[in-house]
Amino acid sequence: MRKKLVIKVTAGADAPERCSQAFTVAAVAVASGVEVSLWLTGESSWFALPGRAEEFELPHAAPLPELIDGIRAGGGMITVCTQCAARRGIEEKDLIEGARIAGAQVFVGEVMADDVQALVY
């Protein structure tokens, strides 16, 4: 069994470098053959909506839409926190293809499994 990487992003456009780092690490991990689960919380929740990643800009960083496409194309899972989605009026039907909404119980289950490395940005 290969090791899984769970990444929780707690920042969006409000902390662009931290946000970009999380998506970059997730995309590189997927491209390297690592199973990745990317959790979007707080302001990063917006990037699970169509067109929102295109609004994100950070000099000398890979474009967020390309990183998201790479994560999804490589089989990475993108999850939006239930409470974060509710606070922003985001529903499952609003999400980009392949993304889901799930809560703390699912997150805890993922990070507590054997052979999992968790990172928080």
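Just so you know, residue 1 is the first one in the sequence shown, and it goes up from there.
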Listed by chain and number, what are the salt bridge (charged side-chain N to carboxylate O under 4.0 Å, His left out) partners of Glu55, not counting sequence neighbours?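 Here the qualifying residues are Arg52.
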I'd like to check [X] versus [Y] (side-chain heavy atoms, cut-off strictly below 4.5 Å). Are they in contact?
{"X": "Glu43", "Y": "Val9", "value": "no"}
{"X": "Met77", "Y": "Leu38", "value": "no"}
{"X": "Leu95", "Y": "Ile101", "value": "yes"}
{"X": "Cys19", "Y": "Phe47", "value": "yes"}
{"X": "Arg88", "Y": "Trp46", "value": "yes"}
{"X": "Glu66", "Y": "Leu64", "value": "no"}
{"X": "Glu17", "Y": "Leu58", "value": "yes"}

Would you find a donor on one side and an acceptor on the other, under 3.5 Å apart, between the side chain of [X] and the backbone of [Y]?
{"X": "Ser32", "Y": "Val28", "answer": "yes"}
{"X": "Thr10", "Y": "Thr41", "answer": "no"}
{"X": "Ser44", "Y": "Gly12", "answer": "no"}

Decide whether [X] and [Y] are clustered together by the hydrophobic rule: side chain heavy atoms of Ile, Leu, Val, Met, Phe, Trp, Tyr closer than 4.5 Å, transitively.
{"X": "Val111", "Y": "Val36", "value": "no"}
{"X": "Val6", "Y": "Val80", "value": "no"}
{"X": "Ile71", "Y": "Val34", "value": "yes"}

Contacts of type side chain to side chain contact (heavy atoms under 4.5 Å, CB included), residue Glu57, not counting sequence neighbours: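 Result, side chain to side chain contact (heavy atoms under 4.5 Å, CB included) vs Glu57: none returned.
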Identify the heavy atoms of [X] and [Y] that sit nearest to each other, and give their distance.
{"X": "Gly89", "Y": "Asp94", "value": "O-OD2, 3.8 Å"}
{"X": "Gly103", "Y": "Thr82", "value": "N-OG1, 3.0 Å"}
{"X": "Ser20", "Y": "Leu67", "value": "O-CD1, 4.5 Å"}

[X]: partners by side chain to side chain donor-acceptor pair (under 3.5 Å), with sequence neighbours left out:
{"X": "Glu35", "result": "none"}
{"X": "Asp14", "result": "none"}
{"X": "Thr79", "result": "Arg100"}
{"X": "Ser37", "result": "Trp39, Glu110"}

Report the distance from atom OH of Tyr121 to atom CZ of Arg18, rounding to the nearest 0.5 Å.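 The OH atom of Tyr121 sits 11.0 Å away from the CZ atom of Arg18.
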With rounding to the nearest 0.5 Å, note down the distance linking CD1 in Ile7 to CD in Gln117.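 Here the interatomic distance stands at 9.5 Å.
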Is Lys8 positioned over the aromatic face of Phe107, cation under 6.0 angstrom from the ring centre and no more than 45 degrees off axis?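 Judged by the rule, Lys8 and Phe107 form a cation-pi pair.
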Using side chain to side chain contact (heavy atoms under 4.5 Å, CB included), reason through Arg72 and Ile78 one step at a time and then give a plain yes or no. CA-CA 8 Å; Arg72 293 189 308 168; Ile78 298 176; 3.8 Å; yes
For Glu54, does the CD atom sit with more than 12 other heavy atoms under 6.0 Å from it, leaving out its own atoms?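 Counting neighbours around CD of Glu54, more than 12 heavy atoms of other residues, nucleotides or ligands fall under 6.0 Å, so yes.
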Does one side chain, of Ser45 or Arg87, offer a donor that lies under 3.5 Å from an acceptor on the other?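 No donor-acceptor contact under 3.5 Å links the two side chains.
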Apply side chain to side chain contact (heavy atoms under 4.5 Å, CB included) to Ile96 and Leu49, showing your working. CA-CA 5 Å; Ile96 58 177; Leu49 298 178; 5.8 Å; no
